[in-house]
Undergrad: 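The following block contains the structure, expressed as structure tokens.
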Amino acid sequence: MTDLAAIDGVRTRAELNQTDQRSGSDELGKTQFLELMIAQLENQDPLDPSKNEEFVAQLAQFSSVEGIENLNNTVDDMAAAIRSSLTLEAASLVSREVLIPSDRGVVTESGLTGQVDLPAGASDVRVTISELSGQRVAEVELGLTEAGSTTFSWDGLNADGEPVPSGLYRLQAVVDRGGESESATLYLPNIVSGVSVGAGGVSVDLLGGEQTTTDDIRQIR
């Protein structure tokens, strides 16, 4: 009488070894699963065949394996489509002005308009504007400011009333609460110069070498 356990064990190990060599993985694909099931039927003892319940259970397992593989393929296709769509949408931002959390903003001929975020109200808020070298050129007084997001504008004139050259400037929001000073988060304008796609998703390249994600963009102008 044929030793079914021995045959099944040998064929199972052989098939798994072949699968590992082809794919470098320990996972059993649906093709190999079907081959093993057919081999079991061919080598079963005709005097003691497999019970219907066992065969149905194996078919159910095969169906589950195939379903999971098909689902994985569908998810991969959907992910690729989403990445492609996000890339196209991000590409439309090139040369556009965006508002992002940063300490550097682009000043144009008309100046600069940004936002300052405060977790709580303050008796005095001022925004200082400096060249990238650190030389202070102007200051915007906001005075008493409530909690939340407050928009401010600078006309692009220095302390002597002269227009500054267009380009990147460093800004800082200084908050005065009861005689103590602290910094607040600024959202400043910058120009999108390019789009990068990586493992982490879609990134936006900005003037001055700064980089951010599309999730950080508060406003598109």
Undergrad: Please tabulate, one pair per line, all N/O donor-acceptor pairs under 3.5 Å involving side-chain atoms of residues 142-149, not counting sequence neighbours.
TA:
{"residue": "Thr145", "atom": "OG1", "partner": "Gly143", "partner atom": "O", "Å": "3.0"}
{"residue": "Ser149", "atom": "OG", "partner": "Gln115", "partner atom": "OE1", "Å": "3.1"}
{"residue": "Ser149", "atom": "OG", "partner": "Asp117", "partner atom": "OD1", "Å": "3.2"}
{"residue": "Ser149", "atom": "OG", "partner": "Arg218", "partner atom": "NH1", "Å": "3.1"}

Undergrad: Kindly write out the residues that satisfy side chain to side chain donor-acceptor pair (under 3.5 Å) with Asp205, not counting sequence neighbours, or none if the list is empty.
TA: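 Residues passing side chain to side chain donor-acceptor pair (under 3.5 Å) with Asp205: Ser196, Gln211.
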Undergrad: What's the spacing between Ser102 OG and Leu168 CG if we round to 0.5 Å?
TA: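 Reported value, rounded in 0.5 Å steps: 8.5 Å.
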Undergrad: How far apart are the closest heavy atoms of Ala184 and Val175, and which atoms are they?
TA: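 Result for this residue pair: CB-CG2, 3.6 Å.
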Undergrad: Quick one: are Ile217 and Leu93 in side-chain contact, heavy atoms under 4.5 Å?
TA: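 Ile217 vs Leu93: side chains touch.
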Undergrad: For residues 157-167, run the donor-acceptor check on the side chains, cut-off 3.5 Å, and write out each pair with its distance to 0.1 Å, sequence neighbours left out.
TA:
{"residue": "Asn158", "atom": "OD1", "partner": "Asp160", "partner atom": "N", "Å": "2.9"}
{"residue": "Asn158", "atom": "OD1", "partner": "Gly161", "partner atom": "N", "Å": "3.1"}
{"residue": "Asn158", "atom": "OD1", "partner": "Glu162", "partner atom": "N", "Å": "2.9"}

Undergrad: Rounded to the nearest 0.5 Å, what separation is found between the CZ atom of Arg104 and the CG atom of Leu171?
TA: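 These two atoms lie 11.5 Å from each other.
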Undergrad: Check Leu186 against Ala173 and note the closest heavy-atom contact, atom names and distance.
TA: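 The pair with the smallest heavy-atom distance is CD1-N, 3.6 Å.
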Undergrad: Residues two or more places apart in sequence or in another chain: which of them pass side-chain contact (heavy atoms from CB on, under 4.5 Å) with Gln172?
TA: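 If we apply the side-chain contact (heavy atoms from CB on, under 4.5 Å) test to Gln172, skipping adjacent residues, the hits are Thr128, Val174, Ser183.
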Undergrad: Same hydrophobic cluster for Tyr187 and Val127, using side-chain heavy-atom links shorter than 4.5 Å among ILVMFWY?
TA: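 Hydrophobic grouping puts Tyr187 apart from Val127.
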Undergrad: Going by side chain to side chain donor-acceptor pair (under 3.5 Å), name the residues that satisfy it together with Ser130, two or more places apart in sequence or in a different chain.
TA: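 For Ser130 there are no side chain to side chain donor-acceptor pair (under 3.5 Å) partners, ignoring immediate neighbours.
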Undergrad: Examine Leu99 and Leu206 and state if one hydrophobic cluster contains both, with Ile, Leu, Val, Met, Phe, Trp and Tyr joined whenever side-chain heavy atoms are less than 4.5 Å apart.
TA: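 No, Leu99 does not connect to Leu206 through the hydrophobic network.
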Undergrad: For Glu97, give me all partners under salt bridge (Lys or Arg N to Asp or Glu O under 4.0 Å), at least two apart in sequence or on another chain.
TA: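 Glu97 satisfies salt bridge (Lys or Arg N to Asp or Glu O under 4.0 Å) with Arg221 only.
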Undergrad: Ignoring hydrogens, what is the shortest heavy-atom contact between Ala122 and Asp176? Give both atom names and the distance.
TA: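 Closest heavy-atom pair between Ala122 and Asp176: CB-O, 3.9 Å.
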Undergrad: So does Glu109 have more than 12 non-hydrogen atoms from other groups sitting under 6.0 Å from CD?
TA: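 It does not: Glu109 CD has 12 such atoms or fewer within range.
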Undergrad: Suppose we screen for side-chain contact (heavy atoms from CB on, under 4.5 Å). Which residues come up paired with Ala138, at least two apart in sequence or across chains?
TA: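 Testing Ala138 for side-chain contact (heavy atoms from CB on, under 4.5 Å), a comparison that skips the adjacent residues, returns Ile129, Trp154.
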Undergrad: In this structure, would Leu132 and Val106 fall into the same cluster of hydrophobic residues linked by side-chain contacts under 4.5 Å?
TA: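 Linked within one cluster.
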Undergrad: May I have the step-by-step check of side chain to side chain contact (heavy atoms under 4.5 Å, CB included) for Val137 and Glu131, ending in yes or no?
TA: CA-CA 7 Å; Val137 296; Glu131 297 176 353; 3.8 Å; yes
Undergrad: Side chains of Ile100 and Glu210: closer than 4.5 Å at any heavy-atom pair?
TA: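 Yes - at least one pair of side-chain heavy atoms lies under 4.5 Å apart.
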Undergrad: Pro101 versus Asp216: any side-chain heavy-atom pair under 4.5 Å?
TA: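 A side-chain contact exists here, since the closest heavy-atom pair is under 4.5 Å.
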Undergrad: State which residues pass side chain to side chain donor-acceptor pair (under 3.5 Å) with Ser95; sequence neighbours excluded, sorted by chain then number.
TA: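 Side chain to side chain donor-acceptor pair (under 3.5 Å) check on Ser95 returns nothing, list empty.
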Undergrad: Using side chain to side chain donor-acceptor pair (under 3.5 Å) as the criterion, list what pairs up with Arg170, not counting sequence neighbours.
TA: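 Scan of Arg170 (side chain to side chain donor-acceptor pair (under 3.5 Å), adjacent residues dropped) gives Asp103.
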Undergrad: Run the numbers on Val204 and Val98 for side chain to side chain contact (heavy atoms under 4.5 Å, CB included), then give the verdict.
TA: CA-CA 10 Å; Val204 176; Val98 294; 5.6 Å; no
